[in-house]
There are 2 protein chains.
Amino acid sequence: MKTVTQDRPYSQTLTRLREAGLRPTRQRLALGRLLFDGGDRHVTAEALHEEAQAAGVSVSLATVYNTLHQFTEAHLLREVVVDSARTYFDTNVSDHHHFFLENSGSLMDIDGNKIAITGLPQAPDGTDVARVDVIVRLQGTPRAAE
Amino acid sequence: MKTVTQDRPYSQTLTRLREAGLRPTRQRLALGRLLFDGGDRHVTAEALHEEAQAAGVSVSLATVYNTLHQFTEAHLLREVVVDSARTYFDTNVSDHHHFFLENSGSLMDIDGNKIAITGLPQAPDGTDVARVDVIVRLQGTPRAAE
DNA sequence: TCTCATATTTAGAATTATTCTAAGGTGTTG
DNA sequence: CAACACCTTAGAATAATTCTAAATATGAGA
């Protein structure tokens, strides 16, 4: 008896796209699968594009950009601003923060429940806090870790 | 009796440049004065360039970039990464964090002594914490504030 | 299944911030 | 004030991202 998961490798992504009101095109399914099958990931547009090529998925860089932005609007991804040179997209959309390895340009999640920030001043009148980002910038190379 | 400050408007910047081992050229003095005479500031290269032009200081955009980077290396400025579209430089180099007004693209300091972050996981083996940045992203427009 | 309106993809041009290059100008030191 | 290393600069070059407009694919309905 075959497992259901093997029969429907795209199912998770398909459902996510449907729920987001995005047509499940070949490109979006393939990119969605690369992004969501497996653990949490941090990607740049260029990196995802190369990964798609390597996986034999033909998709233009423009579409990678479009898709990443659409996924972000649909809250399937979120943008992480850590480096003014490039934009990172994070598949973990829950409350969390980041370690940023400045040498390699890679990111690691810090669970949002684990840390607490106290003493934050009130937001100015007329404004609302959209989000609080904590970025721990690291120097050096981690031993035996991704 | 004239005040000393009036007689030597550049003195502070001159001293800072000397201490940083940077030649006090016309451009660096002028940009330094724009940056450091007055309270804490957050500027982009483009904005500082325009400001210099408006003040009648002839300086190229390339020099503005060079100078901002040299000042940053000399710890007279620090870079703030909040927006992937442009780089901000902050004249406040003491321990602090930021409110970022996403509508206007402006920054406000949050005193580093006022806030505390607890529960941060250890940095991975082989790495050191270079800095912790907290960015509070705000939506909306503050009433009567810069 | 076929058709059609609409959404999507795409190549390539355009944009934008930033960096580079190489040539001429300036500050400092002896 | 000569000499040299450091600076500035115009303009070209780069790199990430967005735009454009034309071609293609999708989903709904007959």
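With sequence neighbours excluded, the residues satisfying side-chain contact (heavy atoms from CB on, under 4.5 Å) with A:D83 are A:A85, A:R86, A:Y88, A:F100. For B:T87, the side-chain contact (heavy atoms from CB on, under 4.5 Å) criterion is met by A:S84, B:E79, B:F89, not counting sequence neighbours. Partners of B:T63 by side-chain hydrogen bond (donor to acceptor under 3.5 Å, both in side chains), not counting sequence neighbours, listed by chain and number: B:S60. By the side-chain contact (heavy atoms from CB on, under 4.5 Å) test, B:Q139 is found to be paired with A:A130, B:E102, B:N103, residues two or more places apart in sequence or in another chain being considered. For A:F36, the ring pair (Phe, Tyr, Trp, His ring centres under 6.0 Å) partners at least two apart in sequence or on another chain are A:F71. Annotation: side-chain hydrogen bond (donor to acceptor under 3.5 Å, both in side chains) contacts of B:N66 (sequence neighbours excluded): none. For B:S104, the side-chain hydrogen bond (donor to acceptor under 3.5 Å, both in side chains) partners two or more places apart in sequence, or in a different chain, are B:S106.
Using modelled atom types, one finds no donor on one side chain facing an acceptor on the other under 3.5 Å when comparing A:D133 with A:H97.
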Check the interface with nucleotides 21-30 of chain D: list each N/O to N/O pair with the protein under 3.5 Å, or write none.
unit_1, atom_1, unit_2, atom_2, d
D:dT26, O2, A:R23, NH1, 3.1

I'd like a list of close polar pairs between nucleotides 15-18 of chain D and the protein, N/O only, cut-off under 3.5 Å.
unit_1, atom_1, unit_2, atom_2, d
D:dT17, OP1, A:T87, N, 2.8
D:dT17, OP1, A:T87, OG1, 2.9
D:dT17, OP2, A:Y65, OH, 2.4
D:dT17, O5', A:Y65, OH, 3.1

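Under the 4.5 angstrom side-chain criterion for Ile, Leu, Val, Met, Phe, Trp and Tyr, the cluster partners of A:V81 are B:V81.
A:T67 comes within 4.0 angstrom of no nucleic acid atom, judged by non-hydrogen atoms across all strands.
Here chain B contacts DNA chain C (any atom closer than 4.0 Å to a heavy atom, that is under 4.0 Å), and the contacts span C:dA17 to C:dT28 from 5' to 3'.
For residues 45-55 of chain B, the side-chain hydrogen bond (donor to acceptor under 3.5 Å, both in side chains) pairs, not counting sequence neighbours, are B:R41-B:E51.
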